[in-house]
2 protein chains.
Amino acid sequence: MAMLINGQPGEQISALDRGLAYGDGIYRTIEIRQGKPRLWAWQYQRLLADAARLKLPLLDEALLLAEIVQLAAGVEQGVAKILLTRGVGARGYAMPADSQPTRLVSVTPWAGYPQGRARDGVNVRWCDTRLSCQPLLAGIKHLNRLENVLARSEWSDPDIHEGLMLDQRGLLIEATMSNVYLVEGQRIVTPRLDQNGVQGMLRDWLFAHVPQLGYQLDEADIAPARLWQAEQVFLSNSLIGLWPVARIAGQALPAGHPCCQQLQALLVLQA
Amino acid sequence: MAMLINGQPGEQISALDRGLAYGDGIYRTIEIRQGKPRLWAWQYQRLLADAARLKLPLLDEALLLAEIVQLAAGVEQGVAKILLTRGVGARGYAMPADSQPTRLVSVTPWAGYPQGRARDGVNVRWCDTRLSCQPLLAGIKHLNRLENVLARSEWSDPDIHEGLMLDQRGLLIEATMSNVYLVEGQRIVTPRLDQNGVQGMLRDWLFAHVPQLGYQLDEADIAPARLWQAEQVFLSNSLIGLWPVARIAGQALPAGHPCCQQLQALLVLQA
């Protein structure tokens, strides 16, 4: 792994960083292809939006991009991670007036997930862990991720590829590391993320691109039973791309709808 | 500041630690008096309970205590902090099977809060930030503290000493860094913490000790209006001890009830 911390090579941060003390920060994972971050403009927009929500200082786009490209030199396929915290602070929850944010950029080579998942679909389960409702944090990819950690700890079977999560209201929100979509004719619906959930970069990308293929994407309150009426269910995440769901808790979903494959074909063309 | 990381002097942790990546860990702050942690047995019990809830490995009591005492040598008055994470892990939410926990112990000299607060009472405000409901994490002093950070960021007036927090249901739960109690005759009530909130060590201590003074302490669902019927309201936290509340949002509460002062007198006798 190659890493820069505030622009300097290193792999350690201060034990007094508020990212550790309180999870007071945000992050993003980014696919690297041939030394470059994919869909960078979309990733950067999400970073900016999340930083603004938590009153973190704005990030210089050129600086971030230069650091990623520096670390990704010679990396054919890999993962970049950007993590931004409110920096080192004295004890106590109050945001320090004079804190310098901590900026962590890393790149790791990585061969990606098995190709079969994007082609044949994945097996998912239901998680018992339910997401809480917190409008102030909903959608942000912040460092308070214990709910996802607990949900992911519910299974260890390698043939289960993801876990769907409901919230306290009983609504479908996301999977542990991906957003979820239901294809209903020419309409695609995805859970509203105003109470919880993580707004993935590819979710934004899909909102902008599905109309090109004649689909319409809408946010909705989605009860779990609605999954079984869908013509196709698929997941999105910047590293997995788009995965159709083949089975939920062992039960097969309809196969053969072209929507996810069409979107994959469009996505593969993106730099 | 003096710090030990996994027993070794140092002030940095791996940037790959899950405590930073996901807030996957717990912590405790402890008052130091004359080189020793106060109410250690109570603090250790809370650490054990929280570690078990998050499936973190058990902590050796003698080792932790020895590290605190080592760092606190010659410190008349100060603050110790113990922070335990699930350690360094590969990318992804799944708990690594072979992770070694990260144990961080630090001691800082500190003169304490102004004495007048414990004697004359404090001014508190209402926070707009509402706590979410999450039974799986309720009560745990974990590293996912963004709600507290947002609540504490609502004011900067140094004459406001704490902020009371409601939850999504509209119930009183705690203050940003302390537990809250209402004195109603010989009965004291404190919010139930089965949906959210942090179970402070002194809260446990109070449950065990108020009967000695002829009081009874009960958990309850507490609507905010009930504060105005109380004969006294007070706060607890291992560093502040017990603070009576003098004013809420500028409005004076009844003064002169002996309960908090009686408990302070009992607390001061504890090692």
Side-chain angles (χ1 to χ4, degrees), chain A residues 1 3 5 10-25 27 29 54-55 79 81 83 85-86 91-95 97 102 104 106 108 110 128-137 140 142-153 155-156 168 176-177 195-196 239, chain B residues 1 3 5 10-25 27 29 54-55 79 81 83 85-86 91-95 97 102 104 106 108 110 128-137 140 142-153 155-156 168 176-177 195-196 239:
Chain A
M1 161 164 314
M3 192 182 292
I5 297 174
E11 295 203 348
Q12 298 211 307
I13 65 152
S14 167
L16 301 179
D17 197 282
R18 291 173 63 94
L20 175 67
Y22 306 129
D24 193 3
Y27 73 113
T29 50
L54 291 186
K55 302 171 196 167
V79 180
K81 181 168 176 173
L83 189 150
T85 81
R86 206 177 306 278
R91 199 175 45 71
Y93 294 129
M95 297 177 184
T102 300
L104 194 155
S106 66
T108 320
W110 182 61
D128 293 326
T129 302
R130 295 230 177 167
L131 293 162
S132 59
C133 295
Q134 178 51 277
L136 295 174
L137 299 174
I140 303 174
H142 53 63
L143 302 176
N144 280 202
R145 301 256 66 97
L146 275 172
E147 289 181 337
N148 304 70
V149 170
L150 291 178
R152 185 58 189 82
S153 77
W155 83 94
S156 55
Q168 308 282 359
T176 67
M177 61 169 187
Q195 293 293 318
N196 38 40
L239 300 184
Chain B
M1 162 164 312
M3 192 182 290
I5 296 174
E11 295 203 349
Q12 296 210 307
I13 66 154
S14 166
L16 302 178
D17 197 282
R18 291 173 62 93
L20 175 66
Y22 307 130
D24 193 2
Y27 74 113
T29 49
L54 290 187
K55 302 173 195 164
V79 180
K81 181 166 176 173
L83 188 150
T85 81
R86 208 179 305 279
R91 202 174 43 70
Y93 294 129
M95 296 178 185
T102 300
L104 193 154
S106 66
T108 320
W110 183 60
D128 293 326
T129 302
R130 296 229 176 167
L131 293 161
S132 60
C133 295
Q134 179 48 277
L136 295 174
L137 298 175
I140 303 174
H142 52 63
L143 302 176
N144 280 200
R145 301 257 67 97
L146 275 172
E147 289 181 337
N148 305 68
V149 170
L150 291 179
R152 185 59 188 82
S153 77
W155 82 95
S156 54
Q168 308 283 359
T176 67
M177 61 169 188
Q195 294 293 318
N196 37 42
L239 300 183

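All values below were derived from every heavy atom in this structure, side-chain atoms included, with hydrogens, water molecules and symmetry-related copies excluded.
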Requested in this report: Counting only heavy atoms closer than 4.5 Å, note whether B:L83 contacts chain A via side chain, backbone, both or neither.
Outcome: side chain

Query raised in the report: Which pair of heavy atoms, one from B:Q168 and one from A:P135, lies closest together, and at what distance?
Result: NE2-CD, 3.9 Å

**Report entry** Contact class of B:M95 relative to chain A, heavy atoms under 4.5 angstrom
**Finding:** side chain

Query raised in the report: Side chain, backbone, both or neither: which part of B:W155 has an atom under 4.5 Å from a heavy atom of chain A?
Result: neither

Report summary line: Heaviest contributor of heavy-atom pairs below 4.5 Å to chain A, chosen from B:T85, B:L150, B:D17, is B:L150

Query raised in the report: Would you call A:R130 and B:C133 a side-chain contact if the rule is heavy atoms closer than 4.5 Å?
Result: no

Query - Leading residue by heavy atom contact count with chain A [cutoff under 4.5 Å; candidates B:H142, B:K81, B:E147, B:M3] - result: B:E147

Query raised in the report: Is it the side chain or the backbone of B:T29 that comes within 4.5 Å of chain A heavy atoms, both, or neither?
Result: side chain

Query raised in the report: If you count heavy-atom pairs under 4.5 Å with chain B, which of A:A21, A:G25, A:G10 comes out on top?
Result: A:A21

**Report entry** Option that, when pairs with chain B are counted at under 4.5 Å, heavy atom only, ranks first among A:L239, A:L136, A:I13
**Finding:** A:I13

Report task. Using salt bridge (charged side-chain N to carboxylate O under 4.0 Å, His left out) as the criterion, list what pairs up with A:D24, not counting sequence neighbours. Result -> A:R18, A:R86

Requested in this report: Answer with side chain, backbone, both or neither: which region of A:Q134 has an atom nearer than 4.5 Å to a non-hydrogen atom of chain B?
Outcome: both

Report summary line: What one should report as the nearest heavy-atom pair of A:I5 and B:A15 is CD1-CB, 4.2 Å

Query raised in the report: B:L137 versus chain A, heavy atoms under 4.5 Å apart: side chain, backbone, both or neither?
Result: side chain

Report task. Check each atom of A:L143 against the heavy atoms of chain B and say whether the ones under 4.5 Å are side chain, backbone, both or neither. Result -> both

Report summary line: So OH of A:Y93 and CG of B:N148: to nearest 0.5 Å the spacing works out to 4.0 Å

**Report entry** Taking every non-hydrogen atom, the tightest pair across B:G19 and A:L20
**Finding:** C-CD1, 3.6 Å

Query raised in the report: Given that the side chain runs from C-beta out, which part of B:L104 has a heavy atom under 4.5 Å from chain A: side chain, backbone, both or neither?
Result: side chain

Report summary line: The interface call for B:T129 against chain A, heavy-atom contacts under 4.5 Å, is both

Query - Pick from B:L16, B:T108, B:T102 with the largest number of heavy-atom pairs that fall under 4.5 Å of chain A - result: B:L16

Query - Minimum-distance pair of heavy atoms, taken over all atoms of B:S153 and A:K55 - result: OG-NZ, 3.5 Å

